[in-house]
Structures are given as C-alpha cells and as structure tokens.
Amino acid sequence: MKTNLSSQITLNRVSTRYYRPENAFERSVLTRLEKIPTDIYETAEEGANQIALEMAQLIREKQKAGRFCVFALAGGNSPRNVFAALVRMHKEEGLSFRNVIIFNLYEYYPLAPDAVTSNLNSLKEMLLNHVDIDPQNIFSPSGTIPKDTIFEYCRLYEQRIESYGGIDFALVGIGRVGNIGFNEPGSRLNSTTRLILMDGASRNEAAKMFGTLDNTPISAITMGVSTILAAKKVYLIAWGEEKAARIKDCVEGPVTDALPASFLQTHNNTHVVLDLSAASNLTRIQRPWLVTSCEWTDKLIRSAIVWLCQLTGKPILKLTNKDYNDHGLSELLALYGSAYNVNIKIFNDLQHTITGWPGGKPNADDTYRPERAMPYPKRVIVFSPHPDDDVISMGGTIRRLVEQKHDVHVAYETSGNIAVGDEEVVRFLHFINGFNQLFNNSDDQVINEKYKEIRQFLREKKDGDIDTRDVLTIKGLIRRGEARTACTYNNIPLTHCHFLDLPFYETGRIQKNPISEADVEIIRNLLREIQPHQIFVAGDLADPHGTHRVCTDGVFAAIDLEKEAGAEWLKDCRIWMYRGAWAEWEIENIEMAVPISPEELRAKRNAILKHQSQMESAPFLGNDERLFWQRSEDRNRGTAALYDKLGLASYEAMEAFVEYIPL
C-alpha cells in the first residue's frame, strides 16, 4: 500500500533533468545561482534515507577508529523520516549507537519539572528510546533551570561540546522565519548557546506540540549560529512547499542576519537536502529557462509566459519579441517563430481552463473543456479532511455542481474534534441540560450525572491534558451538526453526508498516528459504494497540523489499490485537487477555474459561517490571522484578478483545481 503519493504530486510538472542532472557539467549549469550544495529528491522519504545512510556510515567509521561520533540533532517533524530510517538500520542491520554522543540543538524554556512535551522528549520518542545509545551520552539544554543560572549553564553546554572534540554532524531544519535552531532573525554570526525569545511565527509552529499558543513557552535555549557552524558537517533538511520560499532565500539569496539559515553559506561543508515541494521555488525548478536550455512542455511554457506578464506588467496578447529576448525566453521565439504565436497559444490554453460547468456541460463540445460532457449527471465525491474544508475550499463549485443536477456526496474524513474549544462544549451542555429540564417530565439521572461529570472535568482540566472520550465525542458531534447544516444550506441531502471518522485522527492529541490500512479501507469502501465519476480531494498540503496531507494520502492510496484491482468505475473517473484554506494553486498550474459571481461568493461565505465553532475560537488558524472565510474570499478574488491582469475575462472570484493522474 502506497501511503506517500501526495509527495509525488509535483512530478507531473517537473522534468527530472532539473533536479537530477546527468553529469557534473550539467549540475554546475543548473545550480549556478545556488550558494550551498543542494540535493533534490522526489520524496521526503528518499532524501531522509540518503541522510540516514551518511549518518550510519559516519557512526561506523568512528567505531572502527575507536572514537565517539558527535551529533547535534533538531526536533520537530523535519528529521522524523531520518530518525525512522536510523531506527530501522539499528533493528535490521545491527547499527549500534554505543559510541554516539547526542547534543540536543534546542529546548523550550521555561518548562515545568514534570513537563511531558519538550524537544528532548520528542527526540526520545522518534529516535533515542529505540536504539542502544547510552543515556549518559545524551546532552540537552534544560527547560527547568533557574533564570539566574542560564548564562553559566549555556557556557558549560558549549564547554561540554568542546570536551568531545566538537560536533561531527549537525542535522538542522529551517523554521518559518528562516531560523536554524531557534536562532531568530537578528541573531549574530558569532552567537553561541543562549536563551532567546521566540518569534511569533516560531511560537505558532511550536504550538503544534503544546496544543495551544497559550501553553507554548515564550523562549528557548538554543545552540548559537557559531556553535552550529563549528560542526564539521551540517545538513539542512526541508520537506514540503511551506518551506519553499525560505529555502530559496537561504540557498540563492544574500547572507543576512534577517535570515539566519543563510549563514550556512559561510560553512565549507554544508549540504541542503530537499524534496521537490521544498525545492519548488529554486530557480532551476521554478524558472529553469534562466539557467539552462529547457524541455518546453505546455506547462513550462505557460509558467514562463505568466512570469513574463508579471515581470513586464503586460497582458499576454501585448507581449512582444523584445520582451521575450530581453528576459531569456528567445528559445520560445525560435520554437514558435514569433511572440504572437506563443501569446495566442497560451491565451487559448488559459481561456480553456475557465468553465462554469465543473461537472462538464452536457450535450456540448468538450474538446477544449477541462471536464468531459458525459456521463451526465455525474456521481461526485468531495473529500473534506475536516468538516469545513469542503465549503472553505470549493463551496462555490459545490453549489454549482448541485444546481447543475449532479449527484454530490461529501465525505468528511475526520471528526475535527480537537479543533473545538472547551467553551463550545459548555455551551452545548447547557443546552442539553436545559432541554432535558424543559421537555423531560421525569428527572433523567443519567444525563444529569454526565453533565456534572463533564463540567467538573473541564473545570479541573490542565494545560496539555487530553480530553476524555465523552468530551471528544461531544466536540465531534458539534462539528457534525455544523457540517450537516452547511450541507443542507447547499441543498445536499443528509443521506449524502458521510462521516468517515478515520482512526488515524482519533488520538486526542495534535500529533496523529500514521495512515493505516484501516483508514484506507474505510475510504475504499465508500468509493466502491458510490463509484464516482468525479472525485475532489484536498491538494492543500501546507496545513500546519498535517491532517490534509494524511487524508489526501489515504484517498490516493485507496484509488491506487482500486487501480491495481482493475476497478471498472475508475476508468471513467477524474480526480481534481482543490486548495483554499492555506494556499492557492499557482496560475500556471491551474487546469480548471470555476468563476464565482458576487451572489455565489456570498452564499459560499454563509456556508462557511455555518461552522460556528471554527470562527473566532478556532485554535489552528496558523500564521495567517485572517478567519477562514476571509482567507477563502481573498484567495478566490486574487485568482480572478490574476486572470484579469493576463487579459482574460474579469470575474468576481474563482475557485481553482488541478487534475491528479493516478501514478
């Protein structure tokens, strides 16, 4: 069962020669704007395995020489796959960690003496508890030391590193503000281990571990920039498109304390390891015509022309031969003969992405339409990771599909219960209790006792406590009720609302379990039951809690299994990926754009507002302070504005989709 197919989405639009050059000369041409050696892999797992092999080789070399192998390791999600590969090598290949010294890169401060959540505990859960390392060889900053001892403590931490001969291998990630460790913007090149106040974006990211922002410490003790740069070898790893902008600045931009990761350019043995998503903003991936001759696919031509329009401020049909020659696109003139020929091709290409019939227009010529005309009506499944992603990301399209008489089903993949505030539970408990008193003549002792039990738990609940199963059930019911109300508003029958409650999500914590066969089988059973002609699935993989990616991997895994089984329904099914809550598709990659009128946009907003628990109190808004309906409208209007600037039709808003072709 393939459960990582979402990581290969970008393969549909990136030629392998741009990230896997055939020889040293080609590599030097492609990477001439990159100031740090950078390796790009198709998946995070492939890149992580390569790093793990290098770490294992270093451990074994040190063992043969009878010496310690000293690692500085970061926590978080970035190294998770690396650690998993090392654990596998330990268990299956006998890789011993007896000679390994670990220095924790950072620790949150302050922490309670009995705190369960910490970076050290994260390292233990991912790696240290599963290998044969001597506990005496594990060193970490402490989150519990008195404030007046911090300076001396940090000095001694540096001294301890030096006593082992320095760090042999530092494995670091890059934060949302370009930090390495918790060296925030403004950190100096000569900074050493110290206490630092965390940036707001860094705290938001750390809140994924601590549950809420209020529970997240405001500072951290971190190795300094100079401490990291003193390592003999440094590996910077990044996975996912949310890291792409920072990686480009780090690898191709100037050295600046505004982006501490850029200091790695000054180290003579630093390597950057990325998956395709994290590499998507590097010039050789995003704008390859600036560094090499290109394999000009339709997608790449469209990307180049959109870029040229944005650079010159011109619509497509006003671009000239001079514009092409002045900006490195003369190859296209040679291929097509003139700017006009390229312009009209791309103009028509983009024009054909626009459709008011997302399910296909019946009895119409569909040669140049993104969706086929037949069959009509279509059976449609919209997979929604949380109980509101359907209306946030494609609420206008859903209404259009229903109005055009398609048979629309919505499958809510998770309960979304951890995203409901305790105050919502109290509000519903008051209602249940009041309802019982008003309309139940007999005193229902069971309800009264349950009411008191839950109220007492919530009053005594401490930061970091996991909700009881009863509380989680109520929170899930709240979100189910909101989803049903939104579906009713969109004229979707309640029999077409499917609550899958995938097991991977039901941990009660922010950290979820990996996708499993049980999850995939639930999705697969629904697909077999409905046998859809159209599937809509979340392609928005940058959500801060990772649920979207896991849910999408579950759908893709189920489709892959059905394909292997030769399912007949799949031969007449198209799969469309939507975005909206966290990002939007780049216009050069959009394959279907559904216009939304002002009235339809207002109706979409109303559907989103049916999810009352996710308005002001939603705990996972991420770094974007706008509420979900505001983000959605701004992105939809932004997509329409881009089409307008390129010289195409002017609409109020647009929802955009990219087709997924099963591998």
Side-chain angles (χ1 to χ4, degrees), residues 10 12-15 18 32-33 241 244-245 248-249 252-253 280-356 368-370 579-580 583-598 601 633-658:
T10 53
N12 294 333
R13 61 178 189 261
V14 179
S15 170
Y18 302 138
R32 66 176 183 268
L33 298 180
E241 62 190 39
K248 177 178 173 63
D249 293 339
E252 296 185 0
S280 59
N281 283 18
L282 293 179
T283 301
R284 60 170 151 145
I285 302 297
Q286 188 179 35
R287 313 279 183 235
W289 56 87
L290 296 175
V291 291
T292 188
S293 59
C294 293
E295 298 173 4
W296 287 106
T297 62
D298 287 348
K299 277 285 188 70
L300 191 60
I301 295 171
R302 194 204 292 187
S303 177
I305 302 316
V306 170
W307 169 79
L308 186 58
C309 288
Q310 292 171 337
L311 202 64
T312 60
K314 293 181 178 182
I316 295 171
L317 296 179
K318 288 189 178 181
L319 293 173
T320 65
N321 286 358
K322 186 175 186 301
D323 293 325
Y324 282 78
N325 285 321
D326 287 351
H327 297 96
L329 292 173
S330 54
E331 275 188 354
L332 286 177
L333 299 182
L335 283 171
Y336 287 90
S338 71
Y340 174 80
N341 291 337
V342 190
N343 294 349
I344 201 69
K345 170 184 167 53
I346 298 305
F347 182 87
N348 289 335
D349 184 25
L350 281 168
Q351 185 69 47
H352 294 153
T353 66
I354 303 172
T355 181
Y368 297 111
R369 291 179 176 273
R579 288 186 171 182
E584 187 52 277
W585 295 112
E586 307 85 354
I587 192 168
E588 57 264 31
N589 293 312
I590 293 172
E591 292 170 316
M592 180 164 68
V594 180
I596 304 174
S597 69
L601 193 62
E633 288 190 11
D634 288 349
R635 291 193 175 104
N636 293 162
R637 285 193 173 106
T639 300
L642 278 173
Y643 271 83
D644 186 22
K645 288 176 182 175
L646 292 171
L648 294 126
S650 179
Y651 292 100
E652 175 71 11
M654 282 178 159
E655 290 176 340
F657 303 87
V658 171

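Reckoned from all heavy atoms, side chains included, excluding hydrogens, waters and symmetry mates. Residue numbers start at 1 and run along the sequence shown.
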Hey, which of T353, N589, I587, I316 is the one that makes side chain to side chain contact (heavy atoms under 4.5 Å, CB included) with R302? T353
Please find the pair of heavy atoms, one from L333 and one from A339, that lie closest to each other, and give the distance. CD2-N, 3.5 Å
When every non-hydrogen atom of L332 is compared with those of Y324, the smallest separation belongs to CD1-CE2, 4.1 Å
Pair R579 + E241: basic N to acidic O under 4.0 Å: yes
Restricting to non-hydrogen atoms, name the atom on I596 and the atom on M654 that form the minimum distance, rounded to 0.1 Å. CD1-C, 4.3 Å
Salt bridge (Lys or Arg N to Asp or Glu O under 4.0 Å) with K645: which residues, sequence neighbours excluded? none
Here the pair of heavy atoms bringing S280 nearest to A244 is OG-CB, 3.4 Å
Give a yes or no answer on whether the side chain of T292 reaches the backbone of P288 with a donor-acceptor pair at less than 3.5 Å. no
Parallel, tilted or perpendicular for W307 and H327, by the 30°/60° rule? perpendicular
Hey, could you give me the OH/CG distance between Y336 and N341, rounded to the nearest 0.5 Å? 9.5 Å
Taking atom types as modelled and ignoring hydrogens, do the side chains of E331 and W296 form a donor-acceptor contact shorter than 3.5 angstrom? yes
So does K322 get a backbone contact from the side chain of N325, meaning a donor-acceptor N/O pair under 3.5 Å? no
Sequence neighbours excluded, which residues qualify as salt bridge (Lys or Arg N to Asp or Glu O under 4.0 Å) partners of E652? R637
The reported gap from CD1 in I344 to CG in D349 (rounded to nearest 0.5 angstrom) is 11.5 Å
Supply the atom-to-atom distance K248 NZ to I285 CD1, rounded to the nearest 0.5 angstrom. 11.0 Å
Nearest 0.5 Å please: distance from the CG atom of L350 over to the CD1 atom of I305. 10.0 Å
What's the shortest heavy-atom distance between Y18 and L300, and which atoms? OH-CD2, 3.7 Å
Judged by atom type as modelled, is there a donor-acceptor pair below 3.5 Å linking the side chain of D644 to the main-chain atoms of A640? no
Less than 3.5 Å apart, any donor N or O on the side chain of N636 or T639 sitting next to an acceptor on the other? no
E252 side chain vs T283 backbone, donor-acceptor pair below 3.5 Å: yes
Is there a side-chain contact (heavy atoms from CB on, under 4.5 Å) between N343 and K318? Walk through the geometry before answering. CA-CA 8 Å; N343 294 349; K318 288 189 178 181; over 6 Å; no
Working to the nearest 0.5 angstrom, can you tell me the gap between Y340 OH and L317 CG? 7.5 Å
Could you give the distance from CZ (F657) to OG1 (T355), rounded to the nearest 0.5 Å? 11.0 Å
Considering all heavy atoms, the nearest P595-A593 contact: CD-O, 3.4 Å
